[in-house]
Structure formats: C-alpha cells, structure tokens
Chemist: 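Next up is a structure, given as structure tokens.
Below, all heavy atoms of this structure are taken into account, side chains as well, without hydrogens, waters or symmetry copies. Letters A, B, ... mirror the listed sequences (proteins, then strands); counts begin at 1. Every value quoted in this text rests on a predicted model; they were computed, and no experiment measured them.
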Amino acid sequence: MAETQYAHPEVLVSADWVEAHLNDPKVRIVESDEDILLYDLGHVPGAVRIDWQGDLQDQLRRDYIDAEKFEALCSRSGIANETTVVFYGDKLNWWACYAFWAFKLFGHKDCRILNGSRKLWMDQKRPTSTEIPSYPPTNYKVQGGNEDQIRIFRDAVEAHAKAGLPLLDVRSPKEFTGETLHMEDYPQEGALRGGHIPGAKNVPWSRAVNEDGTFKSPDELRAIFEQECGLKPSDSVVAYCRIGERSSLTWFVLTYLLGYPNVKNYDGSWTEWGNLVRAPIARGA
Amino acid sequence: MPFSVFGLYARQPVLPWLGSAPGALRRKSENGILKTNNPEYRDQMPKLDDIIAEMADCDRQERIDLLLDYARALPPLPERLEAHKDASHRVEECQSPVYLFVELKGDQVELFADAPIEAPTVRGFVSMLLKGLEDASVEDVLSVPNDLVTQCGLSETLGMLRVRGLGGVLRRIKSEVTRAAIERAS
C-alpha cells in the first residue's frame, strides 16, 4: 500500500546496508555527535567525524562555514561531489540530521541517514573501531547551494508568522510555554525571554523517533503532523527549536519521510528570537 | 537542605570553619580572597595545576584523547555508595546521570563520582577533577579556579554550548565540600 511508504525511502539506510558498504569507496560514513568524545570511544569502522560546532560552524560569526571551508572539510574527509554520505550520531540522530541539513545547504546531492542512529548500531553490537581513518583528499567543488529552499532568517520568519502560515516549535513543552528557557537537564543557552513565536504549534522533535533510534512509520508520522497538527504536503512550513538542531531532524522528517517540498529550518531559533528586541512572543500552551 | 549553600558561599570570608582549617589564614590574602596564583600556595596543590597545564598544552585531538583516558580511568564507585545514587547526589546541570559524593577525613577531601561511559566528556572531566583533587584540603577544593574548564582549553575544544554542564560539576563539588565542612564545624 502506498500509504506505508516514506516519500523518499532512499535517504534512509539500514544498519545492514551500512555494514555491507563499509569498504565501498563511493560511500563515506560520517558520525556527528553531541558528545564529541563518543567517536573516539568507538565508531563505525571507516567513519569520519564531522562536528556540528567545530567543523560546520564559523568560529567567529554565528553562521555556517563558507563554501571554501566546506570544500576543504569534504576534501579532508574523503568526500567527493558524487560520494554517498551517510550520517549517524548520538541523541537519536539529532546531530546527524543537523549535519545532513548543513550538507544540503551546500547542495551535496547524495546524503542519507542511518536509521536507528549510533544507539541501534551499538545496541546491536555491530563492529566498531577506534582507528581514525584517513582518505585521499578530493577535489570537492560546491555547486550552488540549497540555502534559499531550506533555511530561513528572522525577518522572513516574522512575515511567515504574521501570514498565519504553519510554524512548528519542536522544543520541549516547558520551553514552548515559556516555563523554562532550555531543555530539562540542559544548560541554559542565553535567551532573555521565554515562550514561543505566536502561532507556533508545539511538536517535540523526539516524537518522530522510536526508542530504538529508528524513525516512526509513515502512518505514525502522518498521524502526528497531519491529523494532529493539520499540516498538508503543499504547506510552506517553518520549524525551529533553540539553535536549529532539533528542528533539523523535524525538517528531515517532513521533507524526506513525508515528502513536503517546502519546509525551512529557522536556525536562529529561540536563542535569536528570545533575544530580539520587540519580537512578538506568546506564552503558555 | 535546610539552608542555601550558595547563600553561605557568597559570604565566604565569614564562613565559620575557615579559621579552623589548617593554614587557612596563612593562605588568605588581605582582602579575604584566596590566592590561587601565589607560588607558595600553588606548590601545595600541584596535581590539578599539572593537569590543567597539560590539558592546556594539548592540541584538539590530544585533549580529546587525554579526556578519554580519564573517562576510562574513573574508578568504580565504592559499593557502600552505589545504593545512594539518588537525586540528592545527582549533578543537576548534567544531562547525563552524574553522581557526586563528598567525604571529609580531617581536613582532607575525598571525592567519589559515577558517570556513564556513554557520556565520555563529562565522565572524563569528573575523573580528571577527582585525580587532580586527590588528597586536597577543603580550601584547595574551594580555591580551584571557577574558569577551570576554559583554562584547560576545553571551551575551545568542546564549544561554549557544551561546557556549561562541566562547570556545573565543579560548582557542585565546591558546594558539597562547603556543606560537608559546615556540617563538620557545627
């Protein structure tokens, strides 16, 4: 039945698939974690580490690295323009989806996610290695990014909210209501005001993922995003969280698993909005 | 807790036990602030200083490797403490379950901790602190620089967003040591 299929099933790969492609030169496995020591503790053999903060973000401005630095990063990671890049990581692939989104900013064609994340790989006691691999450099060239389609900035977010278009706040319920400024058990990251962008619906990111690390089925995802939130595939949707990381997982789910062509991640997210002078804010559920 | 540790901590110069800690007055500067850069004082606390210096000298990958070594080397919690891994011993700032126990033997502080190997960064940091504060006095612990995480170069390696939980570990150790010292004094 068509309803039980993901819209773009090819972007999800299984642990079996990854294990069968460990030595495939056309495939590069990338680990992206919140705790960067995890990679050194043991990773999928042959996987390289790409750190969302140290590698993908500009160290001076709040922004991503530029095309030139991205090319250098890909080159030293043994990633060529035509390489199939498979991301996985801790926290149920939340950082993997962030790296996936960043790669799409630069227009990398073939990006995939290991369904089940680092957790499933470790839980199933699949092979790991502590060896840090090195690959011959490539001649990576950024060929026109996707930024306009998948990223949105504050002014456009305000216009989107004013127009009453769908806005998903994927933070925890307490962050959404304004009771706390950060996830429970996480450190505060510097927003001056609590609450959410007016009109946003609260759908915590983790609802899209099963406990074993795999994504929920298409029908379960539709129940959340369509029956519950009233979204439809033709909608223009903006997702945000605190710094744009959790919402990149929601962006991935809507874009690739449910096939929504017009979803943007607001990476400024609450650490920008909650600090903006005169930005409208709503509190409470 | 019947009183606020932080409230008392803020009034540090008048802490009731400070005068009774051996060498406490000698190590105090004129304005009551403990000197951590006094060479004489530093000699008495070489371990943590050595660790900080070593960490600071490392490049990014060496620092990660060193922290991992510490993570692997954290001794298991003594059996008698295993049963006490409850909310009152948990470090709230850490998203992973990190437990800290402070005991005093005379003026000497004994620290015990538990953190999962699945959270290697915080486990490594806790282990590093325990090693660096072996045989430390109450005052040694309270004199650990609050920006220790940055001094070790960890802010640079881990990024600002990741290090705040680590700062929480240090704050927790200090507040627990303060509490234990006050209990002993009363």
Chemist: About how many Å separate CD of B:Gln61 and CG of A:Asp40, when rounded to the nearest 0.5 Å?
Modeler: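 CD of B:Gln61 is found 5.0 Å from CG of A:Asp40.
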
Chemist: Contact part of B:Arg60 toward chain A, heavy-atom cut-off under 4.5 Å: side chain, backbone, both or neither?
Modeler: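 Contact with chain A: side chain only.
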
Chemist: With a 4.5 angstrom heavy-atom cut-off, is it the side chain or the backbone of A:Asp51 that approaches chain B, or both, or neither?
Modeler: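 Just its side chain gets close to chain B.
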
Chemist: In terms of heavy-atom proximity below 4.5 Å to chain B, should A:Arg49 be classed as side chain, backbone, both, or neither?
Modeler: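 A:Arg49 touches chain B through side-chain heavy atoms alone.
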
Chemist: Within a radius of less than 6.0 Å around NZ of A:Lys216, do more than 12 heavy atoms belonging to other residues, nucleotides or ligands occur?
Modeler: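 For A:Lys216, atom NZ is crowded (more than 12 foreign heavy atoms under 6.0 Å).
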
Chemist: For residues A:Asp35 and B:Ala119, report the shortest heavy-atom separation together with the two atoms involved.
Modeler: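 Scanning both residues completely, I find the closest heavy atoms to be OD2-C, 3.5 Å.
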
Chemist: Could you please spell out the steps behind the side chain to side chain contact (heavy atoms under 4.5 Å, CB included) verdict for A:Leu41 and B:Arg72?
Modeler: CA-CA 9 Å; A:Leu41 206 56; B:Arg72 292 197 183 98; 4.1 Å; yes

Chemist: Can you measure from OG1 (B:Thr157) to CD (A:Gln53) and round to the nearest 0.5 angstrom?
Modeler: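 Output value for this atom pair is 11.0 Å.
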
Chemist: Taking all non-hydrogen atoms of both residues into account, name the closest pair between B:Thr121 and A:Ile36 and its distance.
Modeler: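 Distance-wise, the nearest heavy atoms are OG1-N, 4.4 Å.
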
